[in-house]
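Computed from a prediction, not measured in an experiment: that's the story for all the values here. By convention in this document, chain letters (A, B, ...) are assigned in the order of the sequence lines, proteins followed by strands, and residues within each chain are numbered from 1.
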Amino acid sequence: MDFKRRNGGPFIGGASQAKRGKTAGEWEDSPSQFEEELSMFDEAELDAEEMEGQAGHDVIPVGDLFSADLNPRWRRPHAPSLDPSSDSLVFQQIDLDYYLGEAVAGMPGQSQGKVPIVRMFGVTDSGNSVCCHIHGFAPYFYVPAPSGFTSAHLGEFKKELNSVVLKDMRSNKDNISVTVLAVDITRKENMYGYHGKRSLDFLRITMAMPRLIAPAKRLLELGFKFAHFPIQSYQPYEANIDFEIRFMVDTNVVGCCWIELPKGNYRVSLCQYEVDVGWTDLISHPAEGDWQRIAPLRVLSFDIECAGRKGIFPEADKDPVIQIASMVQRQGETEPFIRTVFTLQSCASIVGSQILCFTQEKQLLQSWAEFLRTVDPDIITGYNIQNFDFPYLLNRAAALKVNLFPYLGRVRGIKSVLKDLNFQSKQMGRRENKTINMEGRVQFDLLQILLRDYKLRSYTLNAVSYHFLQEQKEDVQHSIITDLQNGNEQTRRRLAVYCLKDAYLPLRLLQKLMCVINYMEMARVTGVPLTYLLSRGQQIKVVSQLLRQAMKQDLVMPVVKTEGGEDYTGATVIEPEKGYYSVPIATLDFSSLYPSIMMAHNLCYTTLLQKGSAEKNSLSPEDFIKTPTGDMFVKSSVRKGLLPEILENLLSARKRAKTELKKETDPFKRQVLDGRQLALKISANSVYGFTGAQVGKLPCLEISQSVTGFGRQMIEQTKQLVESKYTISNGFQADAKVIYGDTDSVMVKLGVATVREAMDIGREAAEWVSSHFVPPIKLEFEKVYYPYLLINKKRYAGLYFSSSADTHEKMDCKGIETVRRDNCPLVANLINTCLQKILIDRDPQGAVAHAKEVISDLLCNRIDISQLVITKELTRTAQEYAGKQAHVELAERTRSMCWRTLFPSTHNTTSSSSCPSPC
DNA sequence: CGCCGCCCCTAC
DNA sequence: TGAGGTAGGGGCGGCG
């Protein structure tokens, strides 16, 4: 193997970079670990397979001769021809959208004008891609039929509505002549509130295309008159449902499920499995048993390098793209089978990867786009590709007039365009994002996933890789990229290795964090398309499940006008008995508290008794309950709620997944199951939040405040039960005392000396307390803290015992500076060390001594600047802390924080005299 | 100086 | 036109 690289080659720009982890000589001498890893791929492949083309360590000076067939691996496997009359087509659907197109003869639905066509993208078991056009499904919504309405009035209603919608249109460039396709009478019931299970006549209004729903809804709401019926406002139902969700709910399709098109019911319209089918002819397989499998999806990860000017962030209209590294891996495999760098100018070879050299940037971009279309990935990943790499490439291609570049989706002729999108939620704050449409490919930007799912101190690729993989990026400073590019083929080679690694790391992270599997399971459990999980909030997932459940009972969801109101009361936090406990503290938790409350008491839209409902439906007091907030709900004997049903399904499915997980030995299937149980748990917990979301699709504060009300009552009752039974007078060693509790947990000082005893009594107490509550509400023994330092509400630390009574598993810190990201590392480290000395060494004096020492070091300028910088927010920069005055100020702050946090009693008395002074 | 509102982040 | 919830500690700046 050719590891050797020419020594003593010109090294530009590195020597003057004062603070570098490695000297220039180090990386010149030996290949990095990553290079060895790359070369191993090569070896393995040479051993394992016949040479189908090249395994990849060649350098191809492309010039103008790029061809999509340069490497036979790039293409998908050959697709055997398909005979619709004798073969069925089975594929895993990974993305779903719709478009307006010409009706296809022989397909159901309207035949005139533009019609909405649902489009599914997917992959077969053999790795062939499928694009499936589904015809004949039209959007619809409901309004209650006015009194006296009969089927004889349908025609008039339809005609009049059609005419007002047409009149309402400002422009009619699609030349629509029919807006209302159909109006039918159907028996439905409003899901909001209990009305004695009486279904009423509703009008189901089917529109020609999705964007006509909103005006039709608005006009009906505003006041609509037809025939002899008086003008009136119609309350719309389900007029705010995304068309994709509407289709999926109605056809029982969930995100990422397997779809079967039976023989004789579809037709092949273009080459590789591009098919047309009627919407009622497809079979959606529930994700159970064999249908839980995942197709061999192609995942592309890429990274670009630009040659920026000194000290200026690269700008696409000025600075060239000089390299693009790409790695492609099949989902479920452990290694990428394509490893390629496109470079501008020559580049020395890298074992284990293929290098394509271009002399023109235009050609590089154009060829990479062609490469992407040839590889035809189902999933595209990378780091910050959504807000940097893709926008940069599109802008750069536009600047250079590479006109064939921006066709990156799977649908021929659709241009990928850049859009600015504003996404805001209380959870994630305001976030400005760019989006690029790429039909049929799921963009899985790892940075976006991490921002959504993980709370980290830093989100740089380097920090993230270190955190999850204990691996670093290749060491190349941004400032020298241009110099490396302007050097020779060796310096460009170094850049290419760096670029390859930046494409490789996201793949590794995706795998380690099981993102694809977990997101797929979430899509299957909640029923929404995969892309919604990254582009939308939490609510859509509950809506999808709610609609599915409601449909079974002919219940319909009203459109409510959304307006923020007053916050409602939440959970109780028990006043802590602050202090240091050198005795075991048992912790008891209600598992899935809010979901179990909703199930136990049958809380739902459909069971809510609004004012006067109890009397109107002549319900007896045994038929309903009154919650702690005074709201009333019918019992499940009268009507079982939708939300409790959804929750039961989710939690029982979770139980199943967990038992299957225990039995399963295949690591890949275990991952799927673990992802599934996690998705199920998260979904169950977000149902409560949905009912309390006042700016939401269907808020119901009666439900959410009843839930928290029950919770408050239960934690209080738990405290009383425990303290009343575990007493000296009942024969126990001591009177138990609940020293703290938050929402669904109580921390109990049982007065026993050992962890083992605390566990035994804790378990017994949990079971006994559980018996006082309605199933499935259950209090569980969780853990023992010993010793335990209770600083304040939501701030404590302790040694954590759970599986073993002999050794602690970890030091658990909650709410303290050590777990907060708005402190500099110095403070976090100092407090962490002090806590260790207090809890593990049981040496508070040692903690004091250590704190004094650190503060003294700080005052004397002996602390590394990196310890003082807050990594996340750059509000306090290194500059700010560079001066000595800043050190003194920080020392003062650190001292007071440390003392106040850990030694509140000594804080105000001797602080200045017992503290070190500056040197 | 104390108080209050605001912000950030966390616990659940 | 799209966005899960409340409780609560602690820092900080403005104000009386």
Side-chain angles (χ1 to χ4, degrees), chain A residues 210-211 213-215 217-218 239-242 421-431 433 452 455-457 526 532 535-543 546 559-576 578 587 589-595 598 682-701 703-709 711-712 715 740-747 782 791-797 812-824 827-828 870 872-873 875-876 889 893-894 896-897 900-901:
Chain A
R211 70 175 157 84
I213 296 268
K217 171 213 154 201
R218 178 168 41 83
N240 53 352
I241 309 299
D242 300 284
L421 206 71
N422 244 333
F423 185 90
Q424 72 169 20
S425 74
K426 273 192 193 169
Q427 185 181 220
M428 291 186 294
R430 215 175 294 115
R431 198 169 282 173
N433 267 329
R452 262 186 187 247
K455 294 227 167 255
L456 301 174
R457 283 200 150 77
T526 59
Y532 276 41
S535 64
R536 304 279 292 267
Q538 303 292 323
Q539 295 208 37
I540 189 65
K541 298 193 269 187
V542 182
V543 170
L546 193 55
V559 177
V560 296
K561 49 183 178 292
T562 136
E563 53 187 34
E566 297 254 311
D567 285 356
Y568 59 92
T569 313
T572 299
V573 182
I574 295 174
E575 195 56 43
K578 300 171 200 174
T587 302
D589 285 34
F590 286 102
S591 58
S592 302
L593 177 71
Y594 288 176
M598 295 173 86
I682 296 170
S683 306
N685 284 332
S686 58
V687 172
Y688 151 77
F690 176 79
T691 65
Q694 297 194 50
V695 184
K697 278 259 159 62
L698 197 60
C700 181
L701 295 200
I703 296 175
S704 38
Q705 67 190 5
S706 293
V707 169
T708 59
R712 290 193 297 275
I715 195 171
Y740 180 56
D742 185 346
T743 310
D744 63 351
S745 67
V746 286
M747 272 69 160
E782 272 276 320
I791 295 168
N792 211 335
K793 280 183 177 177
K794 299 186 191 285
R795 285 164 68 85
Y796 60 82
D812 207 15
C813 299
K814 293 292 166 69
I816 303 172
E817 279 70 16
T818 53
V819 297
R820 293 181 63 95
R821 299 176 298 171
D822 51 359
N823 283 273
C824 66
V827 170
I870 297 171
K872 191 176 171 286
E873 306 272 331
T875 48
R876 295 171 211 185
E889 189 199 312
R893 288 229 292 258
T894 309
S896 69
M897 177 182 300
R900 185 172 52 246
T901 301

Practice problem: Would you mind reading off the distance between Glu782(A) atom CD and dC12(B) atom C1', rounded to a whole angstrom? | Solution: 12 Å
Exercise. Output yes when a side-chain donor or acceptor of Arg457(A) lies under 3.5 Å from a complementary backbone atom of Arg820(A), and no otherwise.
Key: yes
Quiz item: Looking at Tyr532(A), does any N or O in its side chain come under 4.0 Å of the phosphate oxygens OP1/OP2 on dA3(C)?
Solution: no
Exercise. Have a look at Val687(A) and say if it touches a base, only the backbone sugar-phosphate, or nothing, with a 4.0 Å heavy-atom cut-off.
Key: nothing
Exercise. Provide, to the nearest angstrom, the distance between the NZ atom belonging to Lys793(A) and the C1' atom belonging to dC12(B).
Key: 14 Å
Quiz item: At their closest point, which heavy atom of Ala828(A) faces which heavy atom of Glu817(A), and how far apart are they?
Solution: CB-O, 4.1 Å
Quiz prompt | Nearest-angstrom distance from the residue atom CG of Asp242(A) to P of dG2(C) | solution = 7 Å
Practice problem: Identify whether any heavy atom of Val573(A) sits under 4.0 Å from a base atom; if not, whether one sits that close to sugar-phosphate; answer base, sugar-phosphate or nothing. | Solution: sugar-phosphate
Practice problem: Whole angstrom is fine here: how far is it from OH in Tyr594(A) over to P in dA7(C)? | Solution: 9 Å
Quiz item: Given atom CD1 of Ile703(A) and atom C1' of dG4(C), what is their separation to the nearest angstrom?
Solution: 14 Å
Quiz prompt | Closest to side chain of Arg795(A), choosing from dG10(C), dC8(B), dA11(B) | solution = dG10(C)
Quiz prompt | Pairs flagged by side-chain hydrogen bond (donor to acceptor under 3.5 Å, both in side chains) wherever residues 565-574 of chain A is involved - sequence neighbours left out | solution = Tyr568(A)-Tyr688(A)
Self-check item: C1' spacing across the pair dG4(C) / dC12(B), given as an integer number of angstrom
Solution: 14 Å
Exercise. Using the test side-chain hydrogen bond (donor to acceptor under 3.5 Å, both in side chains), find all partners of Asp742(A) that sit at least two apart in sequence or belong to another chain.
Key: Lys794(A)
Self-check item: Residue Thr569(A), side-chain heavy atoms: nucleotide from dA7(C), dC9(B), dG9(C) that is nearest
Solution: dA7(C)
Self-check item: Straight-line distance of Phe590(A) CZ to Thr743(A) OG1, nearest 0.5 Å
Solution: 11.5 Å
Practice problem: Can you tell me the distance, in whole Å, between the CD1 atom of Ile715(A) and the C1' atom of dC12(B)? | Solution: 10 Å
Quiz item: Once you round it to whole Å, what is the distance between P of dG9(C) and CD of Glu817(A)?
Solution: 13 Å
Self-check item: Euclidean distance, atom CG of residue Leu546(A) to atom C1' of dG4(C) [Å, nearest integer]
Solution: 14 Å
Self-check item: Options dT6(C), dG4(C), dG9(C), nucleotide nearest the side-chain atoms of Gln538(A)
Solution: dG4(C)
Exercise. Side chain of Thr562(A) only, please: which of dA11(B), dT6(C), dA3(C) is the nearest?
Key: dA3(C)
Exercise. Would you classify Gly570(A) as touching base, sugar-phosphate or nothing, given that sugar-phosphate means primed atoms plus P, OP1 and OP2, and contacts are heavy atoms under 4.0 Å?
Key: sugar-phosphate
Quiz item: dG8(C) phosphate, OP1 or OP2: any side-chain N/O from Asn792(A) under 4.0 angstrom?
Solution: no
Quiz prompt | Of the listed nucleotides dC12(B), dA11(B), dT6(C), the one nearest the side chain of Lys794(A) | solution = dA11(B)
Self-check item: Side-chain donor or acceptor of Arg821(A) paired with backbone N/O of Leu456(A) under 3.5 Å
Solution: yes
Quiz item: Would you find a donor on one side and an acceptor on the other, under 3.5 Å apart, between the side chain of Gln539(A) and the backbone of Lys697(A)?
Solution: yes
Quiz item: Closer to the 5' end of DNA chain C via nearest nucleotide, is it Ala693(A) or Thr572(A)?
Solution: Ala693(A)
Exercise. Give one of base, sugar-phosphate or nothing for Phe590(A), where a contact means two heavy atoms less than 4.0 Å apart.
Key: nothing
Self-check item: Residue Lys455(A), side-chain heavy atoms: nucleotide from dG10(C), dA3(C), dT10(B) that is nearest
Solution: dT10(B)
Exercise. Output the single nucleotide from dC8(B), dG4(C), dT6(C) whose closest atom is nearest the side chain of Gln539(A).
Key: dG4(C)
Quiz item: Quick one: which of dG4(C), dC8(B), dA3(C) gets closest to the side chain of Tyr688(A)?
Solution: dG4(C)
Quiz item: Which sits closer to the 5' end of DNA chain C, Asp567(A) or Lys697(A), going by the nucleotide each is nearest to?
Solution: Lys697(A)
Quiz item: Nearest of dC9(B), dG9(C), dA11(B) to any side-chain atom of Val819(A)?
Solution: dA11(B)
Practice problem: Look at Arg821(A) and dT10(B) and indicate whether a side-chain polar atom (N or O) is within less than 4.0 Å of OP1 or OP2. | Solution: yes
Quiz item: Where the side chain of Asp742(A) is defined as all heavy atoms beyond and including C-beta, which of dC12(B), dG10(C), dA7(C) is the nearest nucleotide?
Solution: dC12(B)
